[in-house]
Amino acid sequence: MKKQVYTLFSVLLVALVLTNCATEDPLIAPIKKGISSQNYDAAINAADSAIATQPDNPNGYYYKGLTQSIIAENTEDVSSRKPYYADMYKNLVKARELYALEEKPADEAGQINNIIMGAWSNEHNASIPYINNDSVMASVENPFEIAESHLLNAITANPDSSISYEILGRVYYRDGKYAEAIKVLHKSIEIDDPGSAPQYDLISTSYLQLKDYEGAVKVLEEGLELYPDTVYLVQKIADAYFQTGRTEQAMDVMNKLVQSDPDNAQYRLVIGSQIYQQVLNLNDSLAIGVDSLYQLLGKSSKKAEFEKIEKSLKPLENEIERLSNLAITELVKSAELNDDNVSTFNLLGVIYQNKAAALFDKRNLTLDNDKADEFDAQAKEILKKAMVNYERAAELDPENTKYWETLSRVYTLLDMQDKAQEAFDKAGL
């Protein structure tokens, strides 16, 4: 346990020990001697002896805690310090309880908080460079793990530090340890009582990363009770409601947000985006059914099965159509309020393009030529709407090759070959 070089904090602690010798207690003197000579094993043994002899004497616990704080601080391996801090805190808390029973506590009683806070601040502050200093982070293999070890030490030394729990939660999140982030962030909120809106936001985001939508809903509902007008919490709970199939609740939440500021284009964009996310989820299910229809197409022996699947897909198609139209309504309004947001126009282009694709599938899945022509005409009319919105997106962000690549495909489907080639060239294809 010996280490010959003290840190600044250790030097100050030892100085306090050596100067506090007015009335020397024979049980405590060996502990002080062990500390001053850096013989920490001897100091711990002497402290244990003092505690066994006088279990109600706070000085034995105090000096054992002090010794453990010095050992922890001078332990080179960061992750190995935690048990020393745990014992330090336990003994110092016990000493504080016993000092509180004395009519005139010893001077040591006034140093307990300094020891705890000194250990906490050393570890907490040591974590910061491994979180936000690029050069320090680049100098080690696993900077987040080092930061986590320091912060675990900090909350072990001072379990009442909500800020260390919160930062540890943020580091866990950045490190992809979402379950761990949730646990320590809940502890941070418990200490703060109440927590802040950003704390609830990060916990909910961690739940969403784990696809635990019910967990996200619960914590977001708690957060919104405290911060009902916080836009990003409203957006998150709407997403969680959508993910758990509570579409009406999601829409109620988003509509209240819009009602609070009906001319806010961003709110409309968020609503449209959230609604269309549900369409994309439903599209995955629809695609499976459509693939089955393609496999059965033209097989006379499978006609009944084809018609059965086709009929079963109708409710799904209707819901997709309903939600798509709701999303378009919100996005068109958003575009009217702000015609410079590229995301709005790109998403409108995507929605119209997917609506057209569904009609092209219907065209390809029918053996009736007249119906096929009808579906083809409808698809191309909708595809023109996709084209207009993609063109606006490309106008707003002409360096984005994705828009030009998409436009080249749309132009090709609309038999606009010159424009298709021009877009193809701009996409660098």
Side-chain angles (χ1 to χ4, degrees), residues 6-36 40-75 81-125 151-166 168 184 186-195:
Y6 288 117
T7 65
L8 176 60
F9 183 53
S10 298
V11 171
L12 293 174
L13 287 173
V14 173
L16 286 169
V17 171
L18 296 178
T19 56
N20 187 21
C21 301
T23 304
E24 196 65 71
D25 184 334
L27 288 173
I28 302 304
I31 313 175
K32 292 184 177 182
K33 182 179 178 182
I35 293 173
S36 62
Y40 303 132
D41 286 331
I44 293 293
N45 290 335
D48 286 337
S49 179
I51 291 169
T53 304
Q54 294 183 347
D56 294 330
N57 184 342
N59 288 335
Y61 299 99
Y62 171 84
Y63 281 104
K64 185 173 182 180
L66 173 61
T67 305
Q68 288 162 330
S69 74
I70 298 172
I71 293 172
E73 189 179 1
N74 288 278
T75 297
R81 299 173 188 172
K82 185 179 175 182
Y84 296 117
Y85 284 125
D87 285 342
M88 174 205 79
Y89 183 78
K90 179 183 69 175
N91 283 293
L92 291 176
V93 168
K94 180 65 175 179
R96 178 188 285 155
E97 292 172 354
L98 292 172
Y99 282 130
L101 300 175
E102 297 183 341
E103 185 176 342
K104 188 178 180 181
D107 292 342
E108 286 88 344
Q111 295 301 323
I112 290 175
N113 193 58
N114 291 337
I115 297 171
I116 291 173
M117 295 307 293
W120 166 78
S121 64
N122 280 350
E123 294 292 343
H124 180 94
N125 293 334
L151 289 165
L152 286 168
N153 290 338
I155 62 177
T156 303
N158 179 21
D160 295 328
S161 172
S162 66
I163 185 63
S164 292
Y165 279 103
E166 182 174 351
L168 178 58
V184 297
H186 271 300
K187 182 65 177 178
S188 177
I189 284 179
E190 178 186 323
I191 295 170
D192 284 341
D193 191 26

* Take Glu108 and Tyr63, measure what side-chain hydrogen bond (donor to acceptor under 3.5 Å, both in side chains) needs, and give me the verdict at the end. => CA-CA 9 Å; Glu108 286 88 344; Tyr63 281 104; 2.5 Å; yes
* Structure fact -> Closest non-hydrogen atoms of Ser164 and His124, given as atom of the first, atom of the second and distance, are OG-ND1, 2.7 Å
* To do: Verify whether one side chain among Tyr165 and Glu190 offers a donor that lies under 3.5 Å from an acceptor in the other.
  => no
* Asked: Between Glu123 and Ala154, which heavy-atom pair has the shortest distance, and what is it?
  -> CB-N, 3.8 Å
* To do: Could you tell me whether the side chain of Tyr62 reaches within less than 4.5 Å of the side chain of Ile28, counting heavy atoms only?
  => no
* Can you measure from CG (Asn158) to CD1 (Ile115) and round to the nearest 0.5 angstrom? => 13.0 Å
* Of all pairs that satisfy salt bridge (Lys or Arg N to Asp or Glu O under 4.0 Å), the ones with a partner from residues 44-69, not counting sequence neighbours -> Asp48-Lys64
* Check whether any side-chain heavy atom of Asp25 lies under 4.5 Å from a side-chain heavy atom of Asn57, and answer yes or no. => yes
* Qualifying salt bridge (Lys or Arg N to Asp or Glu O under 4.0 Å) pairs with a residue from residues 96-105, counting only residues at least two apart or across chains -> none
* **Separation of Met88 CE from Leu66 CG (nearest 0.5 Å)** => 10.0 Å
* **Between CG on residue Leu92 and CG on residue Asn114, distance to nearest 0.5 Å** => 11.0 Å
* Asked: What closest approach, in Å, do Ala106 and Asn59 show between heavy atoms, and which atom pair accounts for it?
  -> CB-OD1, 4.2 Å
* Reported CD1-to-OG distance for the pair Ile155 and Ser188, which is rounded to 0.5 angstrom -> 10.0 Å
* Can you name the closest pair of heavy atoms from Thr156 and Leu152 and give their distance? -> OG1-O, 2.6 Å
* Asked: Which atom names give the shortest non-hydrogen contact between Tyr89 and Ala157, and what distance separates them?
  -> CD1-O, 3.2 Å
* Does the side chain of Asp160 reach to within under 4.5 Å of the side chain of Trp120, using non-hydrogen atoms? -> no
* Asked: Quick one: CD1 on Ile70 to CD on Glu73, what's the gap to the nearest 0.5 Å?
  -> 8.0 Å
* Hey, could you give me the CD1/OG distance between Ile116 and Ser69, rounded to the nearest 0.5 Å? => 10.0 Å
* Nearest heavy-atom neighbours spanning Ile71 and Ile44 -> CD1-CG1, 4.2 Å
